[in-house]
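I have placed the structure first, in the form of structure tokens, so that the comments after it can refer back to it.
Everything numeric here is computed off the predicted structure, so don't read it as measured data. FYI, the numbering just counts along the sequence from 1. Both counts, for ligands and for their atoms, begin at 1 and track the order of listing.
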Amino acid sequence: MLIRKKNEIASSEITAQSDYRNRRAFMQGAAAAGIATLAGTRLLDVAAPRTDVHAATKLATVPSKLSTPGITPTSFQDITTYNNFYEFGTDKSDPAKNAWRLQTRPWTVSVEGEVKKKKTFDIDTLLKLRPMEERIYRHRCVEAWSMVIPWDGYPLAEFIKECEPLSSAQYVQFLSYENLNQEPWIKDISLDWPYSEGLRMDEAMHPLTLLTFGLYGQALPNQDGAPVRVVVPWKYGFKSAKSIVKVRFVKKQPRTTWNESAPNEYGFYSNVNPNVDHPRWSQKYERVIGAPFWKARQATLMFNGYGDQVASLYAGMDLRKNF
Ligand code: MTE
């Protein structure tokens, strides 16, 4: 993603991804040597990943007919150590090291906007609202890497029914948790926090869209968006907001973090589309995380392979304009 660090000259906008990463590595080295001006928390980056600290709460799940057949899940290790969760740092390995700071209890999700009545759901109520299904889905990031993840959750539509939206609700916005004490990294990144994402109502109500509480049959590790996130398998991963605390039903297309930060790079729809390149790289292929080298590059599928189920949502729309 296009990361603008606070107080950083805007050259990141014109730097190739690999150069930019090297520069970040240099900056981290400088921070470790105590000569950088970034927040002191950056020194925590040198700590080893702490995937061990997340209590592996088991979830009772039933296999789902909507699971994607014929695909092998990525290892738990890769799914939980190669993440994007910028509240906990910008490197893929940062969330696994830092997200232990996130306190996921007590936790509530408040519902507001175009609804019959404002409501607040406790996470433990949400967990029991519907039977938990296991859905194996392709997971494609806009940065052209992919995984296969066995998520545990239930259709977002089931939750939306409980929210009793009014007919005036055209879109739904998801807002993530924002807490400077637990997520001090947000100070370094120039994004309009809290992380915000949104879907059109018909996308949100689609049976494939999952309100997600776990993966591999256990509660979500913090770095994967504990205690609750959204998963929309035909869209680039950034549409799937993590650690949600607020759901707003709105009349107009809501602000969404990446679209607001770089509208020419990240569209509101962000359906996986190998025919529409990102301005700085192709979307035709993806790097498969954890795959042996002979399977490490594969062609990206339209709508991430879910076209039969979702293409009708976009009938008549120009997907180049509405990227
Ligand atoms: N949600 C929040 N709150 N903060 C984030 O930085 N990153 C997004 C999305 N949800 C992000 C987020 C991006 S860019 C991607 S690709 C996916 O989460 C990554 O999900 P994963 O780490 O489980 O693979």
Side-chain angles (χ1 to χ4, degrees), residues 1-4 17 49 51 54 73-99 101-102 104 107 109 135 137-153 173-179 182-183 185-186 188-199 210-216 218-247 255-262 265-267 270 272 278 283 286-290 300 304:
M1 314 297 287
L2 180 63
I3 309 288
R4 291 189 179 87
Q17 262 192 320
T51 44
H54 307 294
T74 306
S75 72
F76 181 82
Q77 174 72 14
D78 281 333
I79 294 171
T80 56
T81 56
Y82 192 89
N83 299 97
N84 279 339
F85 200 168
Y86 295 103
E87 287 88 330
F88 296 101
T90 50
D91 281 356
K92 299 286 178 268
S93 58
D94 284 343
K97 286 185 250 173
N98 301 330
R101 288 168 166 254
L102 179 67
T104 58
W107 191 279
V109 178
R135 295 267 184 97
Y137 279 162
R138 295 187 194 90
H139 181 61
R140 170 63 156 81
C141 181
V142 74
E143 296 161 316
W145 53 265
S146 71
M147 297 188 186
V148 170
I149 305 187
W151 299 111
D152 302 303
Q173 180 183 25
F174 306 95
L175 293 151
S176 297
Y177 188 57
E178 180 190 10
N179 181 309
Q182 294 172 36
E183 304 163 326
W185 293 270
I186 66 181
D188 300 344
I189 303 174
S190 194
L191 285 176
D192 192 8
W193 304 101
Y195 194 93
S196 165
E197 257 311 332
L199 297 170
L210 206 64
L211 190 65
T212 305
F213 301 87
L215 57 87
Y216 266 113
Q218 69 173 63
L220 283 170
N222 287 3
Q223 59 269 39
D224 289 279
V228 58
R229 70 180 287 176
V230 170
V231 169
V232 196
W234 70 94
K235 292 181 179 281
Y236 293 119
F238 70 87
K239 293 298 291 179
S240 301
K242 294 178 169 183
S243 306
I244 292 167
V245 290
K246 193 172 282 187
V247 177
R255 69 159 268 264
T256 56
T257 297
W258 290 105
N259 178 245
E260 191 171 59
S261 144
E265 302 210 353
Y266 314 110
S270 277
V272 174
H278 183 276
Q283 294 291 22
E286 61 206 47
R287 187 165 56 87
V288 185
I289 303 298
T300 288
N304 208 19

What do you reckon, are the aromatic ring centroids of [X] and [Y] less than 6.0 Å apart?
{"X": "Trp145", "Y": "Tyr82", "result": "yes"}
{"X": "Tyr195", "Y": "Tyr86", "result": "no"}
{"X": "Trp151", "Y": "Tyr216", "result": "no"}

**OP:** Examine distances only and state if a side-chain atom of Asn83 and a backbone atom of Ile79 form a donor-acceptor pair shorter than 3.5 Å.
**Re:**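 Yes; at least one donor-acceptor contact below 3.5 Å.
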Q | Close side-chain approach of Val109 to Lys246, heavy-atom, < 4.5 Å | A |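 No, every pair of side-chain atoms sits at 4.5 Å or beyond.
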Residue pair Trp258 / Met1, side-chain heavy-atom distance below 4.5 Å
yes
Query - Amino acids in close contact with ligand 1, where any non-hydrogen atom sits under 4.0 angstrom away - result: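 Residues near ligand 1: Met1, Asn83, Asn84, Phe85, Tyr86, Glu87, His139, Cys141, Trp145, Ser176, Tyr195, Asp224, Arg229, Gly237, Phe238, Ser240, Ala241, Lys242.
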